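Here is the structure we will look at, set down as structure tokens.
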Amino acid sequence: MAETEDFLGQEPHPVDDDLFKEPMKKRRRSDRDQRFRAFPSVEQSALKEYERLESRTRRVLSNTYQKLIQSVFLDDSIPNGVKYLINRLLALIEKPSLDPIYIGLFGSTGAGKSSLINAIIQQDMLLPVSGESICTSCIVQVSSGCCEQYEAKIHLLSDQEWKEELKNLTRLLHRAEEPSGEEEDAWGRDDAVEEAVWKLQLFYGNGAEGKNYEELLRAKPKGKIPTSRVITLKAEEAGELSVKLDPYIRTQRRGWDGESAETHIWPLIKLVEVTLPKSELIPEGVVLVDIPGTGDFNSKRDEMWKKTIDKCSVIWVISDIERVSGGRAHEDLLNESIKACQRGFCRDVALVVTKTDKLHLPEYLRERKVGNQAIQSQREAVLERNTVIKLQRNKMLKEKLKSKLPADLKILEASELVYTVSAQEYWQQGLLAEEETEIPKLREYIRRRLLDKKRRMVTTYVTEAFGLLLLTDSFNCAENLQNEYSHVSVLRRFVEEKIQLLERSIDQCFAHIERPLQEGVRDARTAYRRLLGACLVRSKGNQGFHQTLKAVCLKNGIYASRTLARIDLNEAITQPIYDRIDPVFGGIFRSCHQWPFVNVDSQISAILGGLEGHILRKRRRIYESLTTSVQSDLKPCYEEAAQITGKKACERMKDVIRRGVDRQVAEGMFERAQQRMQHQFQQLKVFCRQGLHSIPKRLLGEHGEQNGITEKVKGSIATMLTLASSQGDGLYKELADVKSEYKEMEKLHRSLREVAENAVLRRGMQDFLLRMSPSKAPPPSRFNS
């Protein structure tokens with residue numbers, strides 16, 4: 001039911017409620033112009049042309065809507081076809097100009113995410129910069145808007161969400177038997193326990209760690225919690241907001257008992273949204289998201305962590321220069337980003353290497369293996385080292401993406417996937433020039449993505465509007481009766497042919513997953529003991545791992561800490577299956593509908609857009625069905641292991657987990673996961689086919705059983721096609737004349753190509769001028785040694 005409501009929410013407004021609704025007011029010109037401040041003049045010109053096209057299209061649609069409303073206002077019974085037109089017009093008029101582009105900065109603690117955002121937005125200390133035990137501790141979103149002030153909204157866990165976390169924290173700290181000897185030492189150094197104690201002390205005060213769940217429920221928190229669970233901060237200047245925001249998003253030092261109310265509610269914070277006023281550097285419509293690298297022990301925050309990654313259309317993997325050449329943390333972040341391309345909306349991944357000004361010159365010269373030219377300065381060494389890293393990591397990243405993603409993704413054609421930046425040098429410019437820090441290049445990257453999205457959005461919008469006006473005008477235009485595609489028999493044949501093509505494509509797409517899925521199950525059965533052992537065996541023994549493992553079991557195989565690498569046993573042992581299916585999985589969810597006639601094309605595409613959106617929202621569930629199935633099968637053994645206390649508890653927990661996994665594998669755990677994924681694919685396949693198969697029958701007036709989402713899609717397409725073939729049936733003789741609006745829309749549609757050509761010419765001229773201009777001079781020589 002929830003899925004049905006979610007999908008139907010994409011459809012036009014119900015006729016009975018909103019047929020005579022007043023369209024929303026358009027934005028004032030002065031407000032619209034503010035959106036272009038972040039763009040150079042060439043890009044501003046292109047954006048303004050697209051804005052004018054969109055604005056004029058909305059005006060034509062609004063005029064048409066008003067005419068239709070006036071022509072049927074007094075009618076007791078409005079034909080369904082007219083209702084359809086009015087609803088489609090209203091939906092187009094109120095369609096958002098542009099959905100936000102989320103750019104996720106995904107990196108470990110101390111990688112430099114906050115420093116990078118500060119440099120991009122030209123605010124040195126807006127977000128906290130990592131120092132000793134200090135860093136951004138939650139998801140932080142930064143965007144620009146039309147507000148006059150700097151603003152931050154701090155979202156807190158709900159009462160129920162905190163109770164869930166409190167229950168897990170107290171269970172983690174509870175010990176039925178006192179450990180002794182080596183285990184006691186391990187307990188004292190355990191990261192999971194330290195974090196649990198720290199949170200409880202911060203929220204309730206010293207001694208809270210010794211109380212049970214019921215006692216803490218009755219305890220009074222040290223900080224005041226707003227009933228709305230949202231805290232709003234405002235300031236005239238960035239520095240003022242930074243001071244106010246600081247206690248909320250900095251990880252507080254453990255063992256420090258701060259007295260501020262902000263500090264005490266820190267464990268409740270799950271998301272912070274920061275809005276800048278009319279930024280000249282970050283366009284409106286772009287959201288920069290600082291994403292912690294490991295998730296969170298709290299289930300709600302961890303789920304938000306995943307969803308935030310999945311909604312990003314661009315992910316920058318942030319790694320500092322000293323960690324980029326290896327290490328598990330960097331690889332984990334990269335793998336998680338690639339998975340976002342499979343299960344989410346991400347279409348672009350880049351590696352951003354930070355702190356690239358760091359270099360010990362004598363050591364670099366001693367180990368230098370490239371180039372014959374002598375290095376004369378620190379700057380030359382840094383630039384050479386950065387160039388080498390870009391070449392090496394670009395090649396490695398592209399190979400990794402090719403092995404994991406469908407071969408036709410545009411990201412695989414990108415020439416530049418790695419950026420070497422220095423936020424510190426951006427501010428100081430003591431060693432590198434501003435351009436050499438590559439901060440301006442990342443800003444250009446952001447602008448290009450937004451401009452490209454705007455172009456695609458306006459093109460689709462104008463084309464869809466033109467199709468709708470063509471359809472509307474045809475009702476009162478007898479000459480259109482001569483169009484061969486207006487006849488029912490031809491329309492039916494046209495749609496049947498397209499449905500047959502789509503059905504064949506659906507069959508081929510889903511057939512591609514069968515063999516990789518089977519091969520992956522075979523690989524998983526062979527490798528699961530080794531993969532599980534890699535998660536359970538620590539190089540330093542059980543020291544510092546005892547209660548972390550208990551936390552893993554309490555969360556059914558998953559543990560996310562702010563300081564340790566993320567542990568996911570379910571994902572680890574199913575990885576061989578993902579390794580097999582990843583190259584083909586993403587291709588199943590991309591389709592291209594080639595409808596050649598604009599009045600049919602744009603309207604069917606619009607209706608199918610809701611169906612395609614629903615399919616994309618199911619992608620994550622299907623992709624994660626393997627780990628969800630394994631987690632469900634292993635839940636009893638996790639629960640059993642979580643209850644173990646006393647001597648040798650860590651080894652006994654490991655033993656229970658190993659035996660439990662062995663037992664489930666022997667009983668067909670991986671095969672069940674395969675069957676569950678196949679079942680979800682089959683449901684989606686049936687859904688796709690049912691959503692299209694009955695359209696020709698509906699076109700001829702045959703009505704099938706009402707079936708929720710699919711029936712909504714079938715009904716909309718059938719109505720539209722029936723309208724396209726129903727001129728002269730007497731239903732529309734009194735409909736308003738919209739010929740002038742149609743002619744205007746026809747001109748706008750023709751101008752799409754001209755606008756696109758102008759944008760290409762301007763871009764080419766800009767690139768030419770940049771190539772012909774003198775190269776930028778390096779910083780003064782006093783910094784070059």
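Source: prediction; values computed, not measured.
Contact annotation: the side chain of Val353 never approaches that of Asp320 to less than 4.5 Å [non-hydrogen atoms, C-beta and beyond]. In this structure, Ile567 and Ile558 have side chains that are not in contact, with every pair of non-hydrogen atoms separated by 4.5 Å or more. A heavy-atom distance below 4.5 Å is found between the side chains of Glu195 and Lys199. Side-chain contact check for Thr354 versus Ser319: every heavy-atom pair is 4.5 Å or farther apart. Proximity of Ile103 to Val289: side-chain heavy atoms (C-beta onward) are nowhere separated by under 4.5 Å. No side-chain heavy atom of Ile291 sits under 4.5 Å from any side-chain heavy atom of Leu105. Contact annotation: the side chain of Met677 approaches that of Leu517 to within less than 4.5 Å [non-hydrogen atoms, C-beta and beyond]. Between Leu166 and Tyr204, the closest side-chain pair of non-hydrogen atoms falls below 4.5 Å.
Here NZ of Lys395 is found 10.0 Å from CG of Leu391. Values are rounded to the nearest 0.5 Å. Note that CD of Glu624 and NZ of Lys339 are 9.0 Å apart. Values are rounded to the nearest 0.5 Å. Rounding to the nearest 0.5 Å places CE of Met669 at 4.0 Å from CD1 of Ile573. Separating the CG atom in Leu271 from the OG1 atom in Thr308 is a distance of 7.0 Å, to the nearest 0.5 Å. The CG atom of Leu351 sits 9.5 Å away from atom CD1 of Ile389, with the distance rounded to the nearest 0.5 Å. To the nearest 0.5 Å, atom CG of residue Asn570 and atom OG1 of residue Thr628 are 8.5 Å apart.
Residue Gln674 comes nearest to Leu626 through the heavy atom pair N-CD2, 4.3 Å, listed as atom of the first residue, atom of the second, then distance. Across all their heavy atoms, Cys341 and Leu405 have their closest contact at CB-CD2, 3.8 Å. What you find for Ala196 and Leu169 is that their closest heavy atoms are CB-CD2, 3.7 Å. Looking at every heavy atom in both residues, Cys535 comes nearest to Leu569 through CB-CD2, 3.4 Å. The shortest non-hydrogen separation linking Gln643 to Glu639 is CG-O, 3.3 Å. Nearest heavy-atom pair across Ile269 and Cys138 is CG2-SG, 3.8 Å.
Among residues two or more places apart in sequence or in another chain, the side-chain contact (heavy atoms from CB on, under 4.5 Å) test is passed with Ser632 by none. Under the rule for a side-chain contact (heavy atoms from CB on, under 4.5 Å), the partners of Glu671 that lie at least two apart in sequence or sit in another chain are Val521, Arg525. Applying the side chain to side chain donor-acceptor pair (under 3.5 Å) test to Arg229 and every residue at least two apart in sequence or in another chain returns nothing. In terms of the salt bridge (Lys or Arg N to Asp or Glu O under 4.0 Å) criterion, residue partners of Lys390 (sequence neighbours excluded) are, by chain and number, Glu416, Glu438. Residues forming a ring-ring contact (aromatic ring centres under 6.0 Å, His included) with Tyr528 (at least two apart in sequence, or on another chain): none. Judged as a side-chain contact (heavy atoms from CB on, under 4.5 Å), and not counting sequence neighbours, the contacts of Glu214 are Asn212, Arg218. For Arg580, the salt bridge (Lys or Arg N to Asp or Glu O under 4.0 Å) criterion is met by Glu519, Asp523, not counting sequence neighbours. A search for salt bridge (Lys or Arg N to Asp or Glu O under 4.0 Å) contacts involving Arg522 returns nothing, not counting sequence neighbours. For the salt bridge (Lys or Arg N to Asp or Glu O under 4.0 Å) test, no residue two or more places apart in sequence or in another chain qualifies with Arg652. Residues that satisfy the side-chain contact (heavy atoms from CB on, under 4.5 Å) test with Arg676, not counting sequence neighbours, are Ser629, Asp633, Arg672.
The closest donor-acceptor contact from the side chain of Gln631 to the backbone of Asn556 lies under 3.5 Å. Judged by distance alone, the side chain of Lys550 and the main-chain N or O of Arg171 form a donor-acceptor pair under 3.5 Å. Without hydrogens or angle criteria, Ser158 side chain to Glu161 main chain gives a donor-acceptor distance under 3.5 Å. Panel note: side chain Lys398, backbone Ala414; a donor-acceptor pair is recorded below 3.5 Å. A donor-acceptor contact shorter than 3.5 Å links the side chain of Lys113 to the backbone of Gly107. In this structure, Trp305 contributes its side chain and Pro292 its backbone to a donor-acceptor pair below 3.5 Å. In this structure, the side chain of Asn394 engages the main chain of Leu417 through a donor-acceptor pair within 3.5 Å. Within the 3.5 Å criterion, the main-chain N or O of Lys404 finds a donor-acceptor partner in the side chain of Gln342.
Using a cutoff of 4.0 Å between basic side-chain nitrogens and carboxylate oxygens, Arg566 and Glu571 are not scored as salt-bridged. A salt bridge links Lys654 with Glu651; the closest basic N to acidic carboxylate O contact falls under 4.0 Å. A salt bridge is absent between Asp662 and Arg658: the closest approach of a Lys/Arg side-chain nitrogen to an acidic carboxylate oxygen does not fall below 4.0 angstrom.
Checking Lys400 against Asn335 by side-chain atom types alone, a donor-acceptor pair falls below 3.5 Å.
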Indicate every side-chain donor-acceptor pair of residues 309-317 with a distance under 3.5 Å to a residue at least two apart or in another chain.
residue, atom, partner, partner atom, Å
Asp310, OD1, Arg343, NE, 2.6
Asp310, OD1, Arg343, NH2, 3.4
Asp310, OD2, Arg343, NE, 3.1
Asp310, OD2, Arg620, NE, 3.2
Lys311, NZ, Gln141, OE1, 3.3

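In this structure, the ring of Phe203 has its center less than 6.0 angstrom from the ring center of Trp162.
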(request) Given side chain to side chain contact (heavy atoms under 4.5 Å, CB included), test Tyr559 with Asp568 step by step and report yes or no. (result) CA-CA 7 Å; Tyr559 176 63; Asp568 191 333; over 6 Å; no
(request) Check the pair Ile139, Val272 against side chain to side chain contact (heavy atoms under 4.5 Å, CB included), reporting the backbone distance first and the verdict last. (result) CA-CA 6 Å; Ile139 296 172; Val272 175; over 6 Å; no
(request) Just do the side chain to side chain contact (heavy atoms under 4.5 Å, CB included) check on Leu173 and Leu200 with the steps written out, would you? (result) CA-CA 11 Å; Leu173 293 175; Leu200 294 180; 3.6 Å; yes
(request) List the steps, then state whether side chain to side chain contact (heavy atoms under 4.5 Å, CB included) holds for Thr170 with Leu216. (result) CA-CA 9 Å; Thr170 52; Leu216 289 174; 3.6 Å; yes
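Within the structure, ring-ring contact (aromatic ring centres under 6.0 Å, His included) contacts touching residues 620-657 (residues at least two apart or in different chains) are Tyr578-Tyr623, Phe585-Tyr623.
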